[in-house]
Amino acid sequence: MQLQDTRNAIEKVLYTKDEIAARLGEMGADISRDYDGKDLLLVGVLKGAIMVMADLSREISVPAKMDWMAVSSYGASTKSSGVVRILKDLGEDVQGRNVLIVEDIIDSGLTLAWLKENLEARGAASVKIATALRKPDALKVDVDVDYVGFDIPNEFVVGYGLDYAEDYRHLDFIGVLAPHVYAPESVNND
């Protein structure tokens, strides 16, 4: 889908397909260097991280296995409830493994902090985080993020896996959703 097909739902484009690809290439090189000779398990957080996981994994030159988790603290809202539920758990055992959580966006950080702690409690040798986007001004908890694609302003963004009401995920760019689409709700979409 092209920008002109979004019918004024996108206020502005933050990152194009090419800009995203270039940054993921840089992140993949860093991850490959850091995990050289190590057992790596990529854990994508559904649904938003699908695009990031697919593209980032192809930029990683060391052997890596993949698995998926689905967790929710939002329900149908754009605000986190603060209560995290596992909707789909891992199929792989993380005991003694180096886990890299792959996220689309870090907003409040609440869900991700819980997920990191959960995987550490399962006996992972290490748990690090890679994200395409981070909203520093929206963070409510301190979360160490090892690989960040882009820091963005606290605006509601869609595209490249990010959605509003299950729409816009398929866009090949990241854009700011116009407030008239989601108003009067807040601007969180972690």
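Residues Val158 and Tyr182 fail the side-chain proximity criterion, which asks for heavy atoms closer than 4.5 Å. Using a 4.5 Å heavy-atom threshold, the side chains of Ile31 and Leu40 count as touching. When side chains are defined from C-beta on, Ile86 counts as touching Trp114, because their heavy atoms get closer than 4.5 Å. Contact of the Leu14 side chain with the Leu133 side chain is not registered, since no non-hydrogen atoms from C-beta on lie closer than 4.5 Å. Tyr160 has its side chain within reach of Val52: a pair of non-hydrogen atoms, C-beta onward, lies under 4.5 Å apart. Side-chain contact check for Ile10 versus Leu171: some heavy-atom pair is nearer than 4.5 Å. Met51 has its side chain out of reach of Asp104: every pair of non-hydrogen atoms, C-beta onward, lies at least 4.5 Å apart. Side-chain contact between Met27 and Leu24 is present, with at least one heavy-atom pair separated by less than 4.5 Å.
The one candidate from Asp93, Val94, Val127 that meets the side-chain contact (heavy atoms from CB on, under 4.5 Å) condition with Leu41 is Val94.
Between Asp89 and Arg122 there is a salt bridge, since at least one side-chain N of the basic residue sits less than 4.0 Å from a carboxylate O of the acidic one. Salt bridge status for Arg33 with Asp36: absent, with no side-chain N to carboxylate O gap under 4.0 Å.
Here Tyr15 pairs with Phe150 under the ring pair (Phe, Tyr, Trp, His ring centres under 6.0 Å) rule; sequence neighbours left out.
No path of Ile, Leu, Val, Met, Phe, Trp and Tyr side chains, each step under 4.5 Å between heavy atoms, connects Leu87 with Val45, placing them in separate hydrophobic clusters.
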